[in-house]
A.B. asks: 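Before we start, here is the structure in question, set down as C-alpha cells.
Values below: all heavy atoms of this structure, side chains included; hydrogens, waters and symmetry mates excluded. For reference, positions follow the sequence shown, starting with 1.
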Amino acid sequence: MRFKWIVFSSLLLLTTILAGCEPLLVLNPKGPQAETTASVIWISIITMAFIVIIVITLLIIMLVKYRASKQPDDYEPPHIKGNPILEAIIVIVPVLIVTFLSIMSVKSTYEVESVPDGYEDQDPLIIYASSSNWKWHFSYPEQDVETVNYVFFPTNRPVEFRLYSYGPITSFWIPQLAGQKYAMADMITKINLVAESPGDYMGRNANFSGKGFAENIFTATALSPDEFDKWVGEIHSTAEPLTEDEFNKLLEPGHLGKMTFTGTHLSFAPAPEGENAGHHHHMESDQDHSMESDQDHSEHSSH
C-alpha cells in the first residue's frame, strides 16, 4: 500500500510540473517545413514509446512469472537449443523498424530542403543571414535594407535564407518555421521556409560558438505582404545608410540590440558565393601561382 501511494504521489507531482510548462516550440509549427519536422518527431516518439512499452511489459511478465521464489528448490531449467520463431521476431522486427524510420527520415529531409508544396510558382524572397560573434545580420538585396538581430518577411511567400558566417560555425534555427542549418565561412548554405501565420517567432544560433552563445538570438516576424512593403518604405525614409566602417564595427565581438540600415553590406563585402566563394579564391590563387611559375620557366628557358 505504501509503495502504491509513493507511485501515485510521484505521478501527481510530475503531472503538476508538466502542466505549467509551455509547449515545445518545435512541436508547435507555424509553417509547412516545421510541420514536416514536427510530424517526424511525433512518429519517432510514438514508435520508440511503443517499443519501450512492449519491452518493459515483457520484462515485468518475466520477472513475475519466472521469479526464483516460485520454483522448487531442486528445479533445473530445461536445456533449449533455440526457437526459430522467436529468433526471427528478434531479427525481423528491429530491421523493419529501422527501415521504416530510415525511409521516413530521408523522405522528410528532401521535403524540408526544397520549397514547400504549393509555393513553387512564387518567386522567393531572398535574405542573406550572416552571423558574427554574437549577432545576426540580415541583408535584403531586393529591398536594399539590412537589419541586425531581427528579420521581417511576408506571410504565405517562400523565403530563401542564404547563410554564412563571419566567425565560427553557427546554426540558424527558427523552431516554429524550419529546422536547423549550419552557417559557415567561405560558403553559402540555404534554408527554405514559409510562414503561414503572422506573428513573432524566436530564432537563435543552435551551435555553441563561444561565451556569448546564449544570447546569440534574433526575432523573426511574419507580416502580411502589405505590412511588409510598408515596413520597407519606412526604413528607406528613416534609417541611416550602412557604411563599410559601421559594418566593420558591427563585426567586433559583443552583443547588440536591434538595428536597421538602408543599403546592405553585400555591396562592399559580398557573400561567399559565385566568384566570391572561398573555393574560387583558392582556385584563382592556384591558377595565378601556376601562371607565374610558367612565366618564370619561360623566362629561364629564353635565357
Side-chain angles (χ1 to χ4, degrees), residues 21-47 101 103-131 136-143 145-165 170-184 188-207 216-232 258 271:
C21 295
E22 295 183 0
L24 292 173
L25 294 179
V26 73
L27 298 179
N28 184 25
K30 299 298 182 181
Q33 308 295 60
E35 287 179 359
T36 300
T37 302
S39 298
V40 172
I41 293 174
W42 276 120
I43 293 173
S44 300
I45 291 174
I46 293 171
T47 303
L101 292 176
I103 294 174
M104 180 186 63
S105 298
V106 172
K107 183 175 181 295
S108 63
T109 298
Y110 278 99
E111 288 180 4
V112 299
E113 284 291 315
S114 59
V115 177
D117 292 338
Y119 295 92
E120 300 90 341
D121 296 335
Q122 295 189 38
D123 292 330
L125 171 64
I126 296 175
I127 302 176
Y128 287 83
S130 54
S131 62
W136 285 96
H137 312 261
F138 297 96
S139 306
Y140 300 72
E142 181 181 346
Q143 288 73 25
V145 299
E146 182 155 332
T147 61
V148 178
N149 291 333
Y150 81 98
V151 58
F152 282 7
F153 43 79
T155 55
N156 298 307
R157 179 182 176 182
V159 180
E160 179 184 293
F161 283 98
R162 299 184 180 181
L163 316 173
Y164 60 103
S165 173
T170 55
S171 179
F172 181 88
W173 190 28
I174 307 176
Q176 291 182 276
L177 296 178
Q180 303 178 46
K181 186 63 94 50
Y182 285 120
M184 298 171 279
I188 289 284
T189 54
K190 299 179 182 179
I191 190 168
N192 296 285
L193 60 83
V194 172
E196 295 181 330
S197 301
D200 295 328
Y201 305 103
M202 186 275 290
R204 67 167 300 111
N205 166 26
N207 188 60
N216 195 185
I217 59 178
F218 62 91
T219 302
T221 301
L223 304 171
S224 68
D226 292 339
E227 291 176 330
F228 177 77
D229 292 338
K230 181 180 178 181
W231 171 74
V232 173
K258 298 178 181 179

A.B. asks: Is it the case that the side chain of Gln176 and the backbone of Asn28 share a donor-acceptor pair, with hydrogens and angles ignored and the cut-off at 3.5 Å?
C.D. replies: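 Answer holds: yes.
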
A.B. asks: As an exercise, state the distance from CG of Asp123 to CZ of Arg157, rounded to the nearest 0.5 Å.
C.D. replies: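 The distance works out to 7.0 Å.
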
A.B. asks: What's the spacing between Glu227 CD and Thr221 OG1 if we round to 0.5 Å?
C.D. replies: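 Spacing of CD (Glu227) from OG1 (Thr221) equals 10.5 Å.
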
A.B. asks: Which pair of non-hydrogen atoms, one from Ser197 and one from Ala222, has the smallest distance, and what is that distance?
C.D. replies: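 Answer, listing the atom of Ser197 first, then Ala222: O-CB, 3.7 Å.
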
A.B. asks: Please step through side chain to side chain contact (heavy atoms under 4.5 Å, CB included) for the pair Ser139 and Glu146, ending with a clear verdict.
C.D. replies: CA-CA 4 Å; Ser139 306; Glu146 182 155 332; 2.9 Å; yes

A.B. asks: Can you measure from CZ (Arg162) to CD1 (Ile126) and round to the nearest 0.5 angstrom?
C.D. replies: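 One gets 4.0 Å once the value is rounded to the nearest 0.5 Å.
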
A.B. asks: Quick one: does any side-chain atom of Asn205 pair with a main-chain N or O of Ser171 as donor and acceptor, under 3.5 Å?
C.D. replies: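 Looks like yes, one N/O pair under 3.5 Å.
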
A.B. asks: Looking only at non-hydrogen atoms, find the nearest pair between Ser114 and Asn192 and report the distance.
C.D. replies: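 That closest heavy-atom pairing would be O-CB, 3.9 Å.
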
A.B. asks: Less than 6.0 angstrom separating the ring centers of Phe161 and Trp136, yes or no?
C.D. replies: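 Aromatic pair excluded; centres sit 6.0 Å or further apart.
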
A.B. asks: Out of curiosity, Ile127 CD1 to Ile191 CD1, how far, rounded to the nearest 0.5 Å?
C.D. replies: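 Output value for this atom pair is 12.0 Å.
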
A.B. asks: Applying the side-chain hydrogen bond (donor to acceptor under 3.5 Å, both in side chains) criterion to Glu113, which one of Lys190, Gln33, Lys181 satisfies it?
C.D. replies: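 In the set Lys190, Gln33, Lys181, the residue that makes a side-chain hydrogen bond (donor to acceptor under 3.5 Å, both in side chains) with Glu113 is Lys181.
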
A.B. asks: Any donor-acceptor pair under 3.5 Å linking the side-chain atoms of Thr36 with those of Ser108?
C.D. replies: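 Absent: no donor and acceptor within the cut-off.
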
A.B. asks: State the CE-OG distance between Met104 and Ser44, to the nearest 0.5 angstrom.
C.D. replies: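 So the CE of Met104 and the OG of Ser44 are separated by 4.0 Å.
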
A.B. asks: Give, for atom OG1 of Thr170 and atom CD of Gln180, the distance between the pair rounded to the nearest 0.5 Å.
C.D. replies: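 These two atoms lie 11.0 Å from each other.
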
A.B. asks: Please find the pair of heavy atoms, one from Ala183 and one from Ser131, that lie closest to each other, and give the distance.
C.D. replies: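 Ala183 and Ser131 have their closest heavy atoms at CB-OG, 4.4 Å.
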
A.B. asks: Is the closest side-chain heavy-atom distance between Leu163 and Ser130 below 4.5 Å?
C.D. replies: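 Counting from C-beta outward, Leu163 and Ser130 never come under 4.5 Å.
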
A.B. asks: Between Glu111 (side chain) and Thr109 (backbone), is there a donor-acceptor pair under 3.5 Å?
C.D. replies: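 A pair under 3.5 Å: no.
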
A.B. asks: For the rings on Phe152 and Tyr150, is their centre-to-centre separation under 6.0 Å?
C.D. replies: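 Yes, the ring centres sit under 6.0 Å apart.
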
A.B. asks: Are Ile174 and Phe218 close enough, and set up right, to give a side chain to side chain contact (heavy atoms under 4.5 Å, CB included), and what steps lead you there?
C.D. replies: CA-CA 9 Å; Ile174 307 176; Phe218 62 91; 3.8 Å; yes

A.B. asks: Yes or no on side chain to side chain contact (heavy atoms under 4.5 Å, CB included) for Asn156 and Glu196, after CA distance, side-chain angles and deciding distance?
C.D. replies: CA-CA 5 Å; Asn156 298 307; Glu196 295 181 330; 3.9 Å; yes

A.B. asks: Determine whether a donor-acceptor pair (N or O, by modelled atom type, separation under 3.5 Å) exists between the side chain of Thr189 and the backbone of Tyr182.
C.D. replies: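 Yes; judged by distance alone, with no hydrogens or angles, the pair exists.
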
A.B. asks: Answer whether the closest heavy-atom distance between the side chains of Lys258 and Thr219 falls below 4.5 Å.
C.D. replies: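 Yes - at least one pair of side-chain heavy atoms lies under 4.5 Å apart.
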
A.B. asks: Would you indicate whether the side-chain heavy atoms of Val115 and Gln122 approach each other to under 4.5 Å?
C.D. replies: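 Counting from C-beta outward, Gln122 and Val115 never come under 4.5 Å.
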
A.B. asks: How close do Ala34 and Ala178 get, counting heavy atoms only, and between which atoms?
C.D. replies: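 Of all heavy-atom pairs spanning Ala34 and Ala178, the closest is CB-N, 4.0 Å.
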
A.B. asks: Pick from Phe153, Tyr128, Trp231: which one makes a ring-ring contact (aromatic ring centres under 6.0 Å, His included) with Tyr140?
C.D. replies: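 It is Trp231; the other options fail the test.
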
A.B. asks: Taking it one step at a time, do Asn216 and Arg204 satisfy side chain to side chain contact (heavy atoms under 4.5 Å, CB included)?
C.D. replies: CA-CA 6 Å; Asn216 195 185; Arg204 67 167 300 111; 5.6 Å; no

